[in-house]
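To find a chain, count down the sequence lines: A is the first, B the second, and so on, and within it residues start at 1.
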Amino acid sequence: MLDLKQIRENPTAIQEQLNRRSADRYDISPILELDRQQRELESIRTQLQTRSNEIGKEIGQKIKGGSDPKGSEIQALKAEGNEIKTKLSEFEPQEKEIKSKIESLLLQFPNLPSESTPIGNSEEENIEIRRWGEEYLPKNPNILPHWEIGEKLGIFDFERAVKVARSRFVSLVGAGAALERALITFMLDRQIEAGYTEVIPPILVNTQTLTGTGQLPKFAEESFKCQEDDLWLIPTAEVPLTNLYREEILEASSLPIKHCAYTPCFRREAGSYGKDTRGIIRLHQFNKVELVKIVHPDTSEEEHQSLVKDAEAILQALKLPYRVIELCTGDIGFSAAKCYDIEVWLPSSGKYREISSCSNCKDFQGRRASIRFKEAGKKGTKLVHTLNGSGLAVGRTMSAILENYQQEDGTVKIPEVLQQYMGREVL
RNA sequence: GGAGAGGUGGCCGAGUGGUUGAAGGCGCAGCACUGGAAAUGCUGUUUGGCGGCAACGUCAACGAGGGUUCGAAUCCCUCCCUCUCCGCCA
């Protein structure tokens, strides 16, 4: 959420920063006008309430002092109190309505991009920051796409999964299930070593939680909802992990908080008909190990850099070639101020594909979810900065392994670091 | 799901309509005392909105939302959560 005070005080600056995302798409002027109206009503309401409080106290004192509660003096005060009440009943609903309009407008605005986020309209203008592992690019010219090799090895069962659920679901079978599980455990072990505390959070969450991290109200159609219970399936563990601290005031000394979690993730993929229909790149349910950091604002830039490094470390350990790109203003997510994607090499399509997205949300989620911290000895509270990144998407890692580790004879080598987790060397 | 009890400040806990944003205690911070510390004493110690350069003023908040009243932490209604017992269950 954007800061209403900032919008009020620097409207042009805020508008310009929003325009960096997309020209003419976000207009803050309705908010300015509503805010002006709201404050006007607030000052009238406050004055009335002040007088009303005075009357209440006066009556109390007089009755205590022995005045007749039925006497004319007290009756007059009561009458005045009633008059104020009538007036208030006009202003109050008006003000409430304007306030909730402002609130719902504010919730629709995306985060302001960082100064350093490159300007651009679409993913075309993202910037490649670095590549790693070109020496590990496979030499084998006859690589099958991961879904073909997977079915050949009998580790994917699409047909039955579709019968059990619907399209864009898969069952992992035998060694496939074992590989997925090995990857999850390996990733968690590494991230715990890197200083993250593991959490197994709820994967059904309430509406407030999904609003806190920015998925609601704008992207309701992207999440699965349990209508009866007002609960949603999480699209990423970022949601429960960040919201663990919602409406809390943390000690500055407890920062940074670093969490990792394995969870399944659920996405409706409403806008992606026809995209990636084959394989396990884009499913309604997938596994992910997520990293979340809650940090002091002064450190969020460096914490962001190290978060990306922590995600990269997994690919390096698996010897999978990848590149890191920095997303431009037109491509960063709703809640992000700055974002790096890590893309792994998928030989069958001859492309790098996203396997991790690491965002610095600055105070955007902190304000939405009211996550603040307090410095010992100092007055007042400040909003924390929140960061999140995949460390990594498990299914996509598996597809990268199936392709990059394919051998001429049609078998797939297990990456060395996973062999102890799998108890075998080849699929 | 059924029956009962309860939700008050960082924590414990008082408070059943009237100058109560809230007694008392603990904790924490500052000051005094001390060679230093402990003990003791004094002072301070919630958050948010609006106005103000600030001091400060004012409004709101005692699980959440409504209602009664001149006035609600206190009374009424709805919902949420916690605990105990019963039922069900991985």
Side-chain angles (χ1 to χ4, degrees), chain A residues 1-9 31-107 200 202-212 226-232 240 243-255 264 363 366-384:
Chain A
M1 193 156 63
L2 303 182
D3 184 0
L4 182 57
K5 212 180 251 178
Q6 261 190 58
I7 294 179
R8 182 188 305 147
E9 283 163 12
I31 291 189
L32 282 171
E33 173 56 19
L34 287 167
D35 178 53
R36 200 191 52 71
Q37 291 175 19
Q38 187 274 326
R39 280 186 303 154
E40 204 178 299
L41 290 170
E42 176 169 343
S43 103
I44 296 170
R45 192 205 72 220
T46 305
Q47 281 172 37
L48 289 170
Q49 282 173 327
T50 308
R51 179 59 193 148
S52 166
N53 288 343
E54 280 168 13
I55 292 170
K57 276 180 193 167
E58 237 175 283
I59 293 179
Q61 278 170 25
K62 293 220 155 113
I63 292 178
K64 252 197 178 164
S67 298
D68 175 11
K70 298 244 151 67
S72 61
E73 199 181 20
I74 286 179
Q75 289 308 315
L77 283 169
K78 280 194 181 182
E80 192 188 346
N82 272 324
E83 221 172 282
I84 290 173
K85 230 183 5 178
T86 315
K87 278 191 200 154
L88 273 174
S89 67
E90 280 170 44
F91 288 106
E92 264 181 334
Q94 270 187 59
E95 195 195 341
K96 259 189 197 169
E97 200 189 316
I98 292 176
K99 261 193 168 158
S100 82
K101 266 189 200 158
I102 293 173
E103 176 81 5
S104 69
L105 278 174
L106 277 177
L107 288 173
I200 299 183
I203 59 178
L204 284 174
V205 299
N206 58 37
T207 296
Q208 241 186 316
T209 292
L210 223 38
T211 308
C226 309
Q227 192 74 41
E228 289 296 303
D229 298 287
D230 188 30
L231 289 170
W232 307 71
N243 277 281
L244 285 175
Y245 300 96
R246 196 177 68 227
E247 285 148 52
E248 289 196 23
I249 299 171
L250 306 162
E251 286 289 340
S253 60
S254 70
L255 303 177
D363 64 8
R367 187 172 296 106
R368 285 183 159 241
S370 187
I371 309 174
R372 292 162 292 169
F373 70 96
K374 204 185 173 100
E375 266 158 322
K378 283 195 194 169
K379 261 214 314 205
T381 62
K382 284 190 203 157
L383 295 167
V384 298

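The nucleotide U45(B) finds its pairing partner in G27(B), both defining distances of the Watson-Crick or G-U wobble pair being shorter than 3.5 Å. In this structure A32(B) sits in a base pair with U40(B), meeting the Watson-Crick or G-U test at under 3.5 Å. Taking a pair to require two hydrogen-bonding distances under 3.5 Å in either a Watson-Crick or a G-U wobble arrangement, U78(B) pairs with A64(B). If you check G57(B) for Watson-Crick or wobble pairing at under 3.5 angstrom, you find it paired to C50(B). Under the Watson-Crick or G-U wobble criterion, with both distances below 3.5 Å, C85(B) is paired with G2(B). Applying the Watson-Crick and G-U wobble criteria (two distances, each under 3.5 Å), G21(B) pairs with nothing in any strand.
When Arg39(A), Arg45(A), Gln38(A) are each tested for a side-chain hydrogen bond (donor to acceptor under 3.5 Å, both in side chains) with Glu42(A), only one passes: Gln38(A).
Across all strands shown, Lys70(A) has no heavy atoms under 4.0 Å from either base or sugar-phosphate atoms. Within 4.0 Å of Ile63(A), counting heavy atoms only, lies at least one base atom of the nucleic acid. In this structure, Lys57(A) reaches the sugar-phosphate backbone alone: every heavy-atom distance under 4.0 Å involves primed, P, OP1 or OP2 atoms, never a base.
OP1 or OP2 of A60(B) sits under 4.0 Å from a side-chain N or O of Asn53(A). Note on Lys85(A): a side-chain N or O is less than 4.0 Å away from OP1 or OP2 of C70(B). Of the side-chain N and O atoms in Thr381(A), one or more sit less than 4.0 angstrom from OP1 or OP2 of G48(B). Taking side-chain N and O atoms only, Arg39(A) has no distance below 4.0 Å to OP1 or OP2 of G49(B). Put simply, Arg372(A) has a side-chain N or O that comes within less than 4.0 Å of OP1 or OP2 on G48(B). Not one side-chain nitrogen or oxygen of Lys5(A) sits closer than 4.0 Å to the OP1 or OP2 atom of G51(B).
Nearest nucleotide to the Ile249(A) side chain, out of U19(B), U47(B), G66(B): U47(B). When the nucleotides U46(B), A60(B), C70(B) are ranked by their closest atom to the side chain of Lys374(A), U46(B) comes out on top. The side chain of Thr50(A) has C59(B) as its nearest neighbour among C59(B), G51(B), C70(B).
Per the geometry, NZ belonging to Lys64(A) stands 18 Å off P belonging to G71(B), to the nearest Å. Rounding to whole angstrom units, CD1 of residue Ile74(A) and P of C70(B) are separated by 13 Å. Look at CZ on Arg51(A): it is 17 Å from C1' on G57(B), rounded to the nearest Å. Between the CD atom of Glu103(A) and the P atom of G48(B) there is a distance of 16 Å, rounded to whole Å. Protein atom CD of Glu247(A) is 13 Å distant from nucleotide atom P of G48(B), rounded to whole Å. If you take CG of Leu88(A) and P of U68(B), they are 13 Å apart, rounded to a whole angstrom. Atom C1' of nucleotide C80(B) and atom CZ of Arg246(A) are separated by 13 Å, given to the nearest angstrom. We find that NZ of Lys99(A) is positioned 9 Å from C1' of C50(B), with the value rounded to whole Å.
A gap of 14 Å separates the P atoms of G7(B) and C76(B), to the nearest Å. The separation of A14(B) from G41(B), taken at their P atoms, amounts to 24 Å, rounded to a whole angstrom. Separation of the P atoms belonging to A72(B) and G63(B) is 15 Å when rounded to the nearest angstrom. The gap from the P atom of C80(B) to that of A64(B) amounts to 15 Å, rounded to the nearest Å. Using atom P as the reference point in both A38(B) and A29(B), the two lie 11 Å apart (nearest Å). Atom name P, nucleotides G21(B) and C59(B): the rounded distance is 10 Å, in whole Å. Spacing between C75(B) and C11(B) at atom P, rounded to whole Å, works out to 23 Å. Distance noted for atom P between G10(B) and G36(B): 35 Å (whole Å).
Taking 4.5 Å as the limit, some side-chain heavy atom of Ile63(A) sits within range of a side-chain heavy atom of Ile74(A). Side-chain contact between Arg246(A) and Thr209(A) is present, with heavy atoms from C-beta onward closer than 4.5 Å. Counting heavy atoms from C-beta on, the side chains of Asp3(A) and Leu383(A) never come closer than 4.5 Å. With a 4.5 Å cut-off on side-chain heavy atoms, Leu250(A) and Arg372(A) do not count as touching.
Checked by atom type, the side-chain pair Glu33(A)/Gln37(A) shows a donor-acceptor distance below 3.5 Å. Between the side chains of Thr211(A) and Arg368(A), no donor-acceptor pair is found at a separation under 3.5 Å.
A salt bridge is absent between Lys99(A) and Glu103(A); no separation between the charged side-chain nitrogens and carboxylate oxygens falls under 4.0 Å.
Mapping Leu77(A) and Ser43(A) onto RNA chain B by nearest heavy atom places Ser43(A) closer to the 5' end of the strand. Nearest-nucleotide assignment on RNA chain B puts the 5′-proximal partner with Glu42(A), out of Ser52(A) and Glu42(A).
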